[in-house]
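Since the structure comes first, as structure tokens, the remarks are kept for the end.
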Protein chains: 2
Amino acid sequence: MFSQSEENYIKAIYHLATVSDKGISTNAIAKKLTTKASSVTDMIKKLSDKKVLVYKKYQGVTLTDFGKRTAANIIRKHRLWEVFLVEKLNFTWDEVHEVAEQLEHIKSPKLIDELDSFLGHPKRDPHGDPIPDKEGNLPQIQKSLLSTLEKNEKGVCVGVNDTSSEFLRFLDKQEIGLGKNIEVLDKEPFDDSFLVKINGKEMTISNKVANNIYIQKN
Amino acid sequence: MFSQSEENYIKAIYHLATVSDKGISTNAIAKKLTTKASSVTDMIKKLSDKKVLVYKKYQGVTLTDFGKRTAANIIRKHRLWEVFLVEKLNFTWDEVHEVAEQLEHIKSPKLIDELDSFLGHPKRDPHGDPIPDKEGNLPQIQKSLLSTLEKNEKGVCVGVNDTSSEFLRFLDKQEIGLGKNIEVLDKEPFDDSFLVKINGKEMTISNKVANNIYIQKN
DNA sequence: AATAATTTTTAGACTAGACTAAAAATTATT
DNA sequence: AATAATTTTTAGTCTAGTCTAAAAATTATT
């Protein structure tokens with residue numbers, strides 16, 4: 001059984017590992033959790049003793065299989081709760097994160113199994129991210145950043161990179177959201193912005209925004 | 001904002017106060033929370049500083065109005081979650097307590113408001129206990145322990161005193177539950193047991209059991 | 001009223017988790 | 001290869017919450 005703090009470290013390391021492929025540095029973890037490197041060193045030793053990760057001094061850490069399963073389970077809980085909040089309790093996609101951060105630490109296998117059934121075994125959370133299954137398998141889907149599309153390519157919005165309230169509310173305002181059809185009409189070399197058509201409406205999108213929207217091409 | 005530990009103390013003191021009317025002793029709190037009296041003294045000082053309760057050395061404690069509202073709010077959350085677990089997630093009334101103990105500490109006013117609406121503003125939890133409203137008002141209902149009924153008195157089961165799994169599962173086995181009609185056919189002076197009719201079926205009930213079932217007379 | 005029993009508080013120690021400041025190791029730069 | 005810059009670890013401190021053991025206060029009993 002892990003403490004909330006231990007779970008937060010495990011989750012952070014898991015997320016960092018999905019974008020880095022080599023060992024995760026102390027500093028990277030400290031930055032992700034807005035804590036100090038010295039605190040990370042302490043916790044890393046503890047998690048190493050608990051067989052969650054492999055640690056050699058000055059060399060960064062890697063999750064063990066056990067650590068990965070543990071992480072996937074926490075993420076599964078987080079994302080199922082997010083679905084619950086949006087589908088059943090009228091939360092918007094920019095409101096769910098903070099509460100799900102708390103709910104993910106609730107310990108009860110029955111609770112999460114029943115919640116999963118109650119929600120109809122959802123495959124994605126409100127931001128389009130896949131929900132790991134009970135065994136910790138996380139189905140990866142084919143997706144590309146909008147910023148990588150060429151002129152005349154098109155697809156459907158399947159996720160976001162930045163999940164901050166600011167960005168999500170901006171998307172709401174622009175009526176951009178999961179499931180919307182997006183086509184790149186033109187790319188502007190001057191500022192790397194995009195002219196796109198979203199559900200029939202033409203608009204210009206900055207490179208920064210295009211860098212935070214995932215598209216499944218079609 | 002209170003820590004989980006602080007919330008547990010506040011709730012324990014509130015519950016002890018509903019059955020005692022005078023100041024709550026250090027020892028009583030320690031027993032309720034299965035902790036040590038010295039730990040209770042420390043926490044009491046802290047909660048006194050935070051204006052949750054009034055404390056004079058060696059004299060027990062009393063919750064302030066603020067403390068009472070805080071307690072009612074925690075209990076409101078606990079009981080709403082219990083309703084959710086039973087009504088939506090197929091938990092039985094003996095399974096909910098442990099999980100609700102965790103869920104009651106989740107911080108989000110919107111969450112609890114929406115949960116309340118989602119459940120249709122329930123008035124009672126699965127054990128028949130009333131759910132405080134948002135202001136912390138807890139409607140008290142007229143109820144008597146089955147053990148206090150006289151021969152030929154009757155009523156309906158509206159609650160239980162002991163909420164342990166053992167007792168609740170025993171009641172399930174005997175098909176005793178909330179809403180059941182109960183009539184005292186006779187009292188046995190030898191062991192203070194009761195001959196009762198529950199939904200048409202006659203059975204004998206020990207004094208210990210009768211002491212843990214609440215009846216609304218009719 | 002004095003003594004005994006109980007309750008409560010204090011004093012000091014422990015753990016988890018975080019922090020600061022300094023030392024040690026690694027990596028980058030000249 | 002030597003020095004500078006950066007990263008990581010160590011050492012020591014702090015807080016919340018708990019504990020044990022002993023002291024102090026209160027309550028009960030003779």
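Within every chain, numbering begins at 1; the chains are lettered A, B, ... in the order of the sequence lines, protein sequences first and strands thereafter.
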Which nucleotides of DNA chain D pair, in dot-bracket form (Watson-Crick or G-U under 3.5 Å, | meaning another strand) | ||||||||||||||||||||||||||||||
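- Note: CD (A:Gln59) to C1' (C:dT27) measures 13 Å, nearest angstrom.
- Put simply, NZ on B:Lys36 is 19 Å from C1' on D:dA16, counting in whole angstrom units.
- Under the 4.0 Å criterion applied to side-chain N and carboxylate O atoms, B:Lys107 and B:Glu7 are assigned as salt-bridge partners.
- Rounded to an integer number of Å, the gap from A:Ile29 CD1 to D:dT7 P is 14 Å.
- Taking the charged nitrogens against the carboxylate oxygens, B:Lys11 and B:Glu101 do have a contact shorter than 4.0 Å, which makes a salt bridge.
- Distance B:Lys31 NZ to C:dT7 P: 10 Å, rounded to the nearest Å.
- Distances shorter than 4.0 Å separate some side-chain N or O of B:Thr35 from OP1 or OP2 on D:dC19.
- Mapping A:Thr34 and B:Thr26 onto DNA chain C by nearest heavy atom places B:Thr26 at the nucleotide closer to the 5' end.
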Using nucleotides 10-13 of chain D, report all nitrogen or oxygen pairs with the protein that are shorter than 3.5 Å.
| from | atom 1 | to | atom 2 | distance (Å) |
| --- | --- | --- | --- | --- |
| D:dT10 | OP1 | A:Lys57 | NZ | 2.5 |
| D:dT10 | OP2 | A:Lys45 | NZ | 2.5 |

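- Salt bridge status for A:Lys187 with A:Glu153: absent, with no side-chain N to carboxylate O gap under 4.0 Å.
- Mapped onto DNA chain C by nearest heavy atom, B:Asn27 and A:Tyr9 fall at different nucleotides, with B:Asn27 at the one closer to the 5' end.
- If you measure from atom NZ of B:Lys56 to atom C1' of D:dA25, you get 16 Å, rounded to the nearest angstrom.
- Taking each heavy atom of A:Phe167 and A:Asp162 in turn, the nearest pair found is CD2-O, 3.2 Å.
- Of the N and O atoms on the side chains of B:Ser193 and B:Asp191, at least one donor lies less than 3.5 Å from an acceptor on the other residue.
- B:Lys110 places no side-chain N or O within 3.5 Å of a backbone atom of A:Phe91 that could act as its donor or acceptor partner.
- Taking CG of A:Leu80 as the start and CG of A:Leu103 as the end, the distance is 11.0 Å to the nearest 0.5 Å.
- Counting only heavy atoms from C-beta on, B:Tyr58 has its side chain closest to D:dA25 among D:dA25, C:dA18, C:dT26.
- When rounded to the nearest whole Å, the span between CG of B:Leu33 and C1' of D:dC19 equals 15 Å.
- Using the six-membered ring where Trp is involved, A:Phe118 and B:Phe118 have ring planes that are perpendicular, over 60° apart on the 30 and 60° scheme.
- With a 6.0 Å cutoff to the six-membered ring centre and a 45° limit on the axis angle, B:Lys143 counts as a cation-pi contact of B:Tyr214.
- One can place CG of A:Asn8 at 17 Å from P of C:dA16, the figure rounded to the nearest angstrom.
- Atom-to-atom, CG of A:Leu47 to P of C:dA16 comes out at 13 Å; the value is rounded to the nearest Å.
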